[in-house]
There are 2 protein chains.
Amino acid sequence: MYQHSDKHLVAVDCIIFGFEKGSLKLLLVKRKIEPCCGEWSLMGGFLFENESLDEAASRILKQLTGLENVYLRQFHAYGEMQRDPAARVISVAYFALIKIREHDYTLVQEYDARWFPFAEKPALIFDHDTMVAAALDRLRLEAKTHPVGFELLPEKFTLPQFQSLYECIYQRKLDNRNFRKSILSTGILEKLDEKDRTGSKKGAWLYRFDKNNYRELLTKGFRFNLTISE
Amino acid sequence: MYQHSDKHLVAVDCIIFGFEKGSLKLLLVKRKIEPCCGEWSLMGGFLFENESLDEAASRILKQLTGLENVYLRQFHAYGEMQRDPAARVISVAYFALIKIREHDYTLVQEYDARWFPFAEKPALIFDHDTMVAAALDRLRLEAKTHPVGFELLPEKFTLPQFQSLYECIYQRKLDNRNFRKSILSTGILEKLDEKDRTGSKKGAWLYRFDKNNYRELLTKGFRFNLTISE
DNA sequence: CCAAAAGTGTTGACCGTACACCCATGA
DNA sequence: TCATGGGTGTACGGTCAACACTTTTGG
């Protein structure tokens, strides 16, 4: 079947988001092959004959971070003729949300990779800047209607941290009273009996994402909906 | 470069939406090649060496409908190993919104294609049912925040038609007073001095999408936002 | 005791939603 | 004159947005 049709190189590129010290970060690698060897790029790789696109994305993410079973979503396929000057390559882009503290630092070093705060991101090869911009758009969309913030924070986190994450994602100051009200009113945060005193002398209460209650609420028709007006 | 990497067949499949006689429709073709010859499927084709994904989608849409420059958006790439039993094929899915009256009926006949009301859609080959469901989800998302309804209606249309379209998309009855209020308040509809009397004896006023005013409004920070609660 | 971050309530404006009757016309 | 679909306005409740001071504690 289909013998006479053209075949193509298919790549998968991963936009890897993290959050640390109050800023949203991006994991980038220094490219080791031509063309554009030595320049910054997204982590990517070619699709194998015997794996699905999702499997390829997981494989590539694991290669660089050591992580599995993290939040990873396809968001767009890029297929312009000249996007890679060396060859005609179709690239399917995925974005991942990971907890920075949990990834494998040694792997990142091996790959000559680095975490960049979003604001300090260098120019990337090919159409990777476009991909990053699209991924951020998608993240913004997701973060309003799904509790994805938790994917980027450690298991225990404070409300000021949580708010700061949203402020990074939307590049905007939020009112802390309104933010707390709306996030707490969802009932998906579990307040712990511990404080985090690294950020202040008074200390901030730690919370945990109550996944079970979230699932429970979903079945009752609840929809996560943080209102952040554009 | 990249000599040792696997190459793949890449297809593009189009979910083609239309709206006619108060129902949302889907343009499907009867497949002419094995496997699954004779079964209903989406219109698709393989990506050529010398065209981008978007170009392939336009080409394939034009092949079947004769239309160019219509609303056409990529929404997902499908890459499961076994999705096509005959070969390993990556498929990039696009959805199109067209005005049924404007398409080329003879082409559709040549291809053994047919418009199906959404509710009467037959089972499709491979993962095409999944694609259709995903496309509808995407259409619902789009229709809330972008004035895509106009892509499916003739240039001049009545408010009852417009409302009926939204009722089809969201599978729900809407209150006509509220619907009119919200759509008219956007200021992107231009009321014409004509009535359409095909639907009733009284006749309904015809409107036209005021594209220029819409663009104008966008620059002023306006965002289309029809509130249709899930 | 002071600096620095955490935490806490109220009000007004706007928006979404619910709801029922009259109008115009051709048959 | 009647059946059919087209068109119209209001009131209530809930949600969003704006806003400033007190608390805690380590240094």
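Below, chain A is the first sequence line, B the second, and so on; all start at residue 1.
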**Request:** Would you mind reading off the distance between A:L226 atom CG and D:dC16 atom C1', rounded to a whole angstrom?
**Result:** 13 Å
**Fill in**
Across all chains, not counting sequence neighbours, the ring-ring contact (aromatic ring centres under 6.0 Å, His included) partners of B:Y214 are B:F209
**Asked** Taking protein heavy atoms under 4.0 Å as touching, what does nucleotides 19-27 of chain D look like 5' to 3' if B marks base contact, S marks sugar-phosphate-only contact and - marks none?
**Response** BB--BBBB-
**Prompt:** Counting a pair only when it is Watson-Crick or G-U and both distances are under 3.5 Å, which runs of at least 3 such pairs involve DNA chain C?
**Reply:** C:1-27 with D:1-27
**Request:** Assess the pair A:Y166 and A:F179: is the distance between their ring centroids shorter than 6.0 Å?
**Result:** yes
**Prompt:** Restricting to pairs with a member in residues 187-206 of chain A, which pass salt bridge (charged side-chain N to carboxylate O under 4.0 Å, His left out), not counting sequence neighbours?
**Reply:** A:K156-A:E194, A:E190-A:R208
**Item:** Under the side-chain contact (heavy atoms from CB on, under 4.5 Å) test, residues paired with B:K181 that sit two or more places apart
**Value:** B:N178
**Message:** In whole Å, I'd like the distance from the CZ atom of A:F179 to the C1' atom of D:dA18.
**Reply:** 17 Å
**Prompt:** When you list every nucleotide of DNA chain C with an atom under 4.0 Å from a heavy atom of chain B, which one comes first 5' to 3', and which comes last?
**Reply:** C:dG16 to C:dG26
**Validation row: B:W205, B:L159 side chains within 4.5 angstrom (heavy atoms)** = no
**Asked** Is it true that A:E216 and A:K220 make a salt bridge, defined as a side-chain N closer than 4.0 Å to a carboxylate O?
**Response** yes
**Fill in**
Taken in chain and number order and not counting sequence neighbours, the residues that satisfy side-chain contact (heavy atoms from CB on, under 4.5 Å) with B:R73 are B:Y71, B:F95
**Request:** By nearest nucleotide on DNA chain C, pick out whichever of A:G199 and B:S182 is the more 5' one.
**Result:** A:G199
**Results of side-chain contact (heavy atoms from CB on, under 4.5 Å) for B:D127 - residues two or more places apart only** = B:Y78, B:R83, B:T130, B:M131
**Item:** Test applied, side chain to side chain contact (heavy atoms under 4.5 Å, CB included); reference residue, A:F19; option that passes from A:I98, A:L97, A:L165, A:I100
**Value:** A:L165
**Message:** For A:K25, give me all partners under salt bridge (Lys or Arg N to Asp or Glu O under 4.0 Å), at least two apart in sequence or on another chain.
**Reply:** A:E20
**Prompt:** Among residues 153-168 of chain A, which contact DNA chain D at a heavy-atom distance under 4.0 Å?
**Reply:** none
**Item:** For A:N213, side-chain hydrogen bond (donor to acceptor under 3.5 Å, both in side chains) partners two or more places apart
**Value:** none
**Asked** Could you give the NZ-to-C1' distance, from B:K191 to D:dG6, as a whole number of Å?
**Response** 11 Å
**Asked** Under the side-chain contact (heavy atoms from CB on, under 4.5 Å) test, which residues partner A:A204, sequence neighbours left out?
**Response** A:T158, A:P160
**Asked** Using 30° and 60° as the class limits, which term best fits the ring planes of A:F157 and A:F150: parallel, tilted or perpendicular?
**Response** tilted
